Amino acid sequence: MTQESTNEPKIPAVLFVCSKNGGKSQLAAGLMKQLAGGAVTVYSAGTKPGKSLNPQAVESLTELGIEITGEHPKPVTEEVLDAVDAVIVLGNEAKLEPHEGTRFEVWETDEPSERGIEGMERMRLVRDDIRARVRKLYAELTGN
C-alpha cells in the first residue's frame, strides 16, 4: 500500500553505520529506539562487520536502561539502504557512498582516546555525544 491509500503518516526509518557495527552504530540505534518508542524504524550495520558487540558499548547503554542483548554486527545491505530515509555514518572509519534520494550524514563523533581517556569513561563520553546528536535527528525526522 502506498502512503496515500492508508492516510497514516509514514514512519521515518534511519540506518546508523560504523565500520564494525559493534560500538557507535549500536549505541546510536539503541538510543534512537529508546527515544523514538516506535516512532522511527531503526537499523544499524557495519561496512566491515566485526564478530561481536563492544562490551563497553553494551554496558554504557545498560546504564541508561537500554538493553541491546541479542543484537549482533550486521552488514550494510541494499535492501536496508532502499528502505531508509536517512543514513548516518558514525566516525571516519566506515566508508559508504551516499544513496540517491536518501539523507546522508557523517557524524565525526567525539574520540576521547585522542585525549588519553580510555575504558568506560571514554565510552560514556562517546555515548553522550551520540545521544545529543540522536535527539536532534529524532526531532528533525519526526517534527517533535
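It should be emphasised that the depicted structure is a prediction, and the values quoted were computed from it without experimental measurement.
Taking the side chain as every heavy atom from C-beta outward, K74 and P49 never approach each other to under 4.5 Å. Residues F104 and L96 have side chains in contact (heavy-atom distance under 4.5 Å, counting atoms from C-beta outward). Taking 4.5 Å as the limit, some side-chain heavy atom of L64 sits within range of a side-chain heavy atom of R131. Residues M123 and L27 are in side-chain contact: their nearest non-hydrogen atoms beyond the backbone lie under 4.5 Å apart. Within the 4.5 Å cutoff, the side chain of W107 has heavy atoms near those of the V134 side chain. Between P73 and L53 there is a side-chain heavy-atom pair separated by less than 4.5 Å. R103 places none of its side-chain heavy atoms less than 4.5 Å from the side chain of D85. Here the side chains of V17 and S25 are not in contact, with every heavy-atom distance at 4.5 Å or above.
Rounded to the nearest 0.5 Å, atoms CG (L35) and CZ (R135) are 7.0 Å apart. How far OG1 of T77 is from CG of L81: 6.5 Å, rounded to the nearest 0.5 Å. A distance of 11.5 Å separates CG in L15 from CG in D82, rounded to the nearest 0.5 Å. In this structure, S113 OG and L125 CG are separated by 10.5 Å, a value rounded to the nearest 0.5 Å. To the nearest 0.5 Å, atoms CG (L137) and CE (M32) are separated by 4.0 Å. In this structure, Q26 CD and H72 NE2 are separated by 8.5 Å, a value rounded to the nearest 0.5 Å.
Checking V89, I130, V42, V87 one by one against F16, the side chain to side chain contact (heavy atoms under 4.5 Å, CB included) holds for a single residue, V42.
Cluster membership for V14 and I68, using ILVMFWY side-chain heavy atoms within less than 4.5 angstrom, is shared. Cluster annotation: I88 and V106 are assigned to distinct hydrophobic clusters (Ile/Leu/Val/Met/Phe/Trp/Tyr, side-chain heavy-atom contacts under 4.5 Å, transitive).
Residues R127 and L31 share a closest heavy-atom pair of O-CD1, 3.9 Å. Contact record, A86 with L141: CB-CD2, 4.4 Å, taken as the closest heavy-atom pair. Across all their heavy atoms, G30 and I66 have their closest contact at O-CG2, 3.7 Å. A13 and A83 make their closest contact through CB-O, 3.7 Å (heavy atoms, listed as atom of the first residue, atom of the second, distance). When every heavy atom of A29 is checked against every heavy atom of Y43, the shortest pair comes out as CB-O, 4.5 Å. Residue I11 comes nearest to A39 through the heavy atom pair CG2-O, 3.3 Å, listed as atom of the first residue, atom of the second, then distance.
Note on residues 13-26: pairs passing salt bridge (charged side-chain N to carboxylate O under 4.0 Å, His left out), not counting sequence neighbours, are K24-E111.
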TODO: List the steps, then state whether side chain to side chain contact (heavy atoms under 4.5 Å, CB included) holds for R115 with D110.
DONE: CA-CA 10 Å; R115 302 187 300 278; D110 183 27; 2.8 Å; yes
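Using a cutoff of 4.0 Å between basic side-chain nitrogens and carboxylate oxygens, D129 and R133 are scored as salt-bridged.
Environment of CD in E63: crowded, with over 12 heavy atoms of neighbouring residues, nucleotides or ligands closer than 6.0 Å.
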